[in-house]
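Just so you know, residue 1 is the first one in the sequence shown, and it goes up from there. This structure is a prediction, so every number in the text was calculated from the model and none was measured.
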Amino acid sequence: MESQEKIHVPIYTGINKDIFLQEIYPQRKPAVLRGVSLGPCLEKWTVDYLRQRGSDKEVKVHVSTVAQMDFLHKNFVYKTLPFREFVKRASERKHSDFFLCEDESYYLRSLGEDVRKEPADLSKQFPELAEDFHTPDFFSPDQFFSSVFRISSCGLQLWTHYDVMDNLLAQVTGTKRVVLYSPQDSLYLYLSGDKSEVLDVDTPDLEQFPEFVKAKRHECVLEPGDLLFIPALWFHNTLALQFGVGVNVFWRHLPADSYDKKDPYGNKDPVAASRALQALERALNILDELPAEYRDFYGRRMMQRIQKRTLCSGMPSTRTQVSDSNPLTKPG
């Protein structure tokens with residue numbers, strides 16, 4: 001089997017705001033920042049402490065019979081638990097109390113108070129724990145969008161997806177493997193919305209996803225105290241190597257009016273991008289009025305125009321894929 005090219009995400013130490021903004025941030029590539037002060041959470045956030053301080057606040061969590069969660073096919077259920085009970089279960093390998101089976105997996109992605117409108121904010125949803133976590137000051141406070149509390153069972157793997165905002169993933173306890181793919185490799189990731197259809201990035205089905213091997217795999221293992229900078233549009237897939245607790249901090253790096261105001265998660269496409277995608281759908285529907293050979297021809301012309309107008313230098317060309325099969329056409 002042909003293997004993907006693997007690139008290790010660089011690790012930086014001794015980083016402050018100036019170094020981050022001047023030397024790392026402009027590269028627009030993932031980076032592990034080691035040794036940045038995250039506060040007393042690194043020592044305090046044990047299972048017992050989290051259960052004590054998190055109290056009986058009810059949280060909505062993902063529960064699955066398998067460790068590889070799939071958002072496209074929804075192989076999990078949503079359940080509500082008191083936070084202290086959730087932490088207990090997520091930290092266990094086998095459960096005496098469970099919903100689906102004794103080795104089910106748990107995942108918490110904290111939500112805002114009004115889940116449809118309000119982004120997650122650690123200081124609002126978990127104020128007793130938020131005082132232990134020091135948000136790195138690598139961006140202006142007025143750019144802040146959300147701080148997302150994440151807790152997962154050992155072995156839990158999340159689907160590959162992208163976000164439209166820059167973010168820092170702080171690994172507070174436990175270790176986590178993160179696999180990332182550049183936005184420039186999106187043609188090889190078989191996208192459905194903001195998610196990749198390739199669920200198993202380690203042993204993918206290459207009969208179903210033959211182009212996937214062309215995507216360059218960036219990889220790192222986060223240790224407690226590590227920060228991972230994930231630039232907007234970079235795809236990421238996480239695997240909890242141990243029971244772990246982390247905090248994602250998202251910020252708006254584009255002008256505020258670029259973003260969808262009804263997006264509490266930070267994963268809806270920017271307003272202009274959404275309009276362009278809708279216009280593309282309308283154009284494709286118009287092409288359906290033509291016979292197959294005409295759809296093929298004008299689909300190729302459209303792809304050539306898109307390539308000339310939008311692709312940056314160094315990005316993978318669509319020519320190979322166009323010659324093999326044109327995704328803009330349908331069987332006649």
Side-chain angles (χ1 to χ4, degrees), residues 6-17 19-39 41-42 45 69 107-110 120 122 133-139 143-152 154-185 189 194-196 201-202 215-253 265-267:
K6 184 184 292 187
I7 300 168
H8 293 287
V9 176
I11 299 172
Y12 298 87
T13 58
I15 299 301
N16 57 31
K17 181 178 181 178
I19 295 174
F20 176 74
L21 291 178
Q22 294 171 16
E23 300 180 19
I24 299 172
Y25 192 68
Q27 296 182 40
R28 308 301 298 161
K29 292 182 178 180
V32 175
L33 315 179
R34 186 159 286 171
V36 177
S37 175
L38 298 180
C41 57
L42 292 177
W45 282 7
M69 288 194 178
Y107 168 58
L108 167 69
R109 187 251 190 242
S110 64
L122 188 67
F133 178 78
H134 296 171
T135 302
D137 64 343
F138 291 171
F139 55 91
Q143 292 178 287
F144 174 83
F145 176 74
S146 66
S147 51
V148 181
F149 205 24
R150 298 186 189 272
I151 302 179
S152 56
C154 178
L156 183 100
Q157 187 169 17
L158 290 180
W159 53 88
T160 306
H161 68 284
Y162 70 87
D163 300 296
V164 299
M165 296 184 191
D166 288 347
N167 81 88
L168 289 167
L169 170 57
Q171 188 69 19
V172 179
T173 71
T175 57
K176 177 176 291 180
R177 186 196 74 177
V178 186
V179 174
L180 306 105
Y181 297 97
S182 166
Q184 297 183 357
D185 281 345
L189 298 182
D194 64 330
K195 302 165 186 67
S196 170
V201 297
D202 298 306
K216 296 178 181 178
R217 174 183 174 124
H218 300 248
E219 186 173 321
C220 61
V221 172
L222 300 181
E223 304 286 343
D226 284 350
L227 277 173
L228 173 61
F229 169 52
I230 306 177
L233 308 183
W234 273 79
F235 297 85
H236 42 286
N237 176 292
T238 62
L239 172 63
L241 303 177
Q242 299 170 327
F243 164 75
V245 181
V247 180
N248 258 126
V249 182
F250 292 83
W251 67 93
R252 302 180 184 91
H253 63 289
Y265 294 95
N267 60 7

**OP:** Starting from the C-alpha separation in whole Å, work towards a yes-or-no answer on side-chain contact (heavy atoms from CB on, under 4.5 Å) for Q184 and K216.
**Re:** CA-CA 10 Å; Q184 297 183 357; K216 296 178 181 178; over 6 Å; no
Once rounded to the nearest 0.5 Å, what's the spacing between atom [atom1] of [X] and atom [atom2] of [Y]?
| X | Y | atom1 | atom2 | value |
| --- | --- | --- | --- | --- |
| L180 | E219 | CG | CD | 9.0 Å |
| L228 | K176 | CG | NZ | 10.0 Å |
| H161 | S196 | NE2 | OG | 11.5 Å |

**OP:** Carefully, step by step, assess F144 and V249 under the rule side-chain contact (heavy atoms from CB on, under 4.5 Å).
**Re:** CA-CA 8 Å; F144 174 83; V249 182; 4.2 Å; yes
Below 30° counts as parallel, above 60° as perpendicular, anything between as tilted: where do the rings of [X] and [Y] land?
| X | Y | result |
| --- | --- | --- |
| F139 | W251 | parallel |
| F20 | F229 | perpendicular |
| F250 | F145 | perpendicular |

Would you call [X] and [Y] a side-chain contact if the rule is heavy atoms closer than 4.5 Å?
| X | Y | answer |
| --- | --- | --- |
| L42 | V172 | yes |
| D163 | H236 | yes |
| L227 | L38 | yes |
| F138 | I15 | yes |
| E23 | Y12 | no |

Can any side-chain N or O of [X] pair as donor or acceptor with the backbone N or O of [Y] at less than 3.5 Å?
| X | Y | value |
| --- | --- | --- |
| D185 | S182 | no |
| N167 | N248 | no |
| T173 | V245 | yes |
| Q143 | R252 | yes |
| T175 | L241 | no |
| T160 | F235 | no |
| D166 | A232 | yes |
| W234 | R28 | yes |

**OP:** Show your working on side-chain contact (heavy atoms from CB on, under 4.5 Å) between Q157 and V201 and close with a plain yes or no.
**Re:** CA-CA 10 Å; Q157 187 169 17; V201 297; 4.0 Å; yes
**OP:** Could you give me the CA-CA distance, side-chain angles and deciding distance for F149 and V247, then say whether side-chain contact (heavy atoms from CB on, under 4.5 Å) is met?
**Re:** CA-CA 5 Å; F149 205 24; V247 180; 4.1 Å; yes
**OP:** Answer yes or no: does atom NE2 of H8 have more than 12 heavy-atom neighbours from other residues, nucleotides or ligands under 6.0 Å?
**Re:**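 Check fails, neighbour count at 12 or below.
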Subject >> SB check R217 D202 (cutoff 4.0 Å) >> reply: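 Salt bridge between R217 and D202, a charged N being under 4.0 Å from a carboxylate O: yes.
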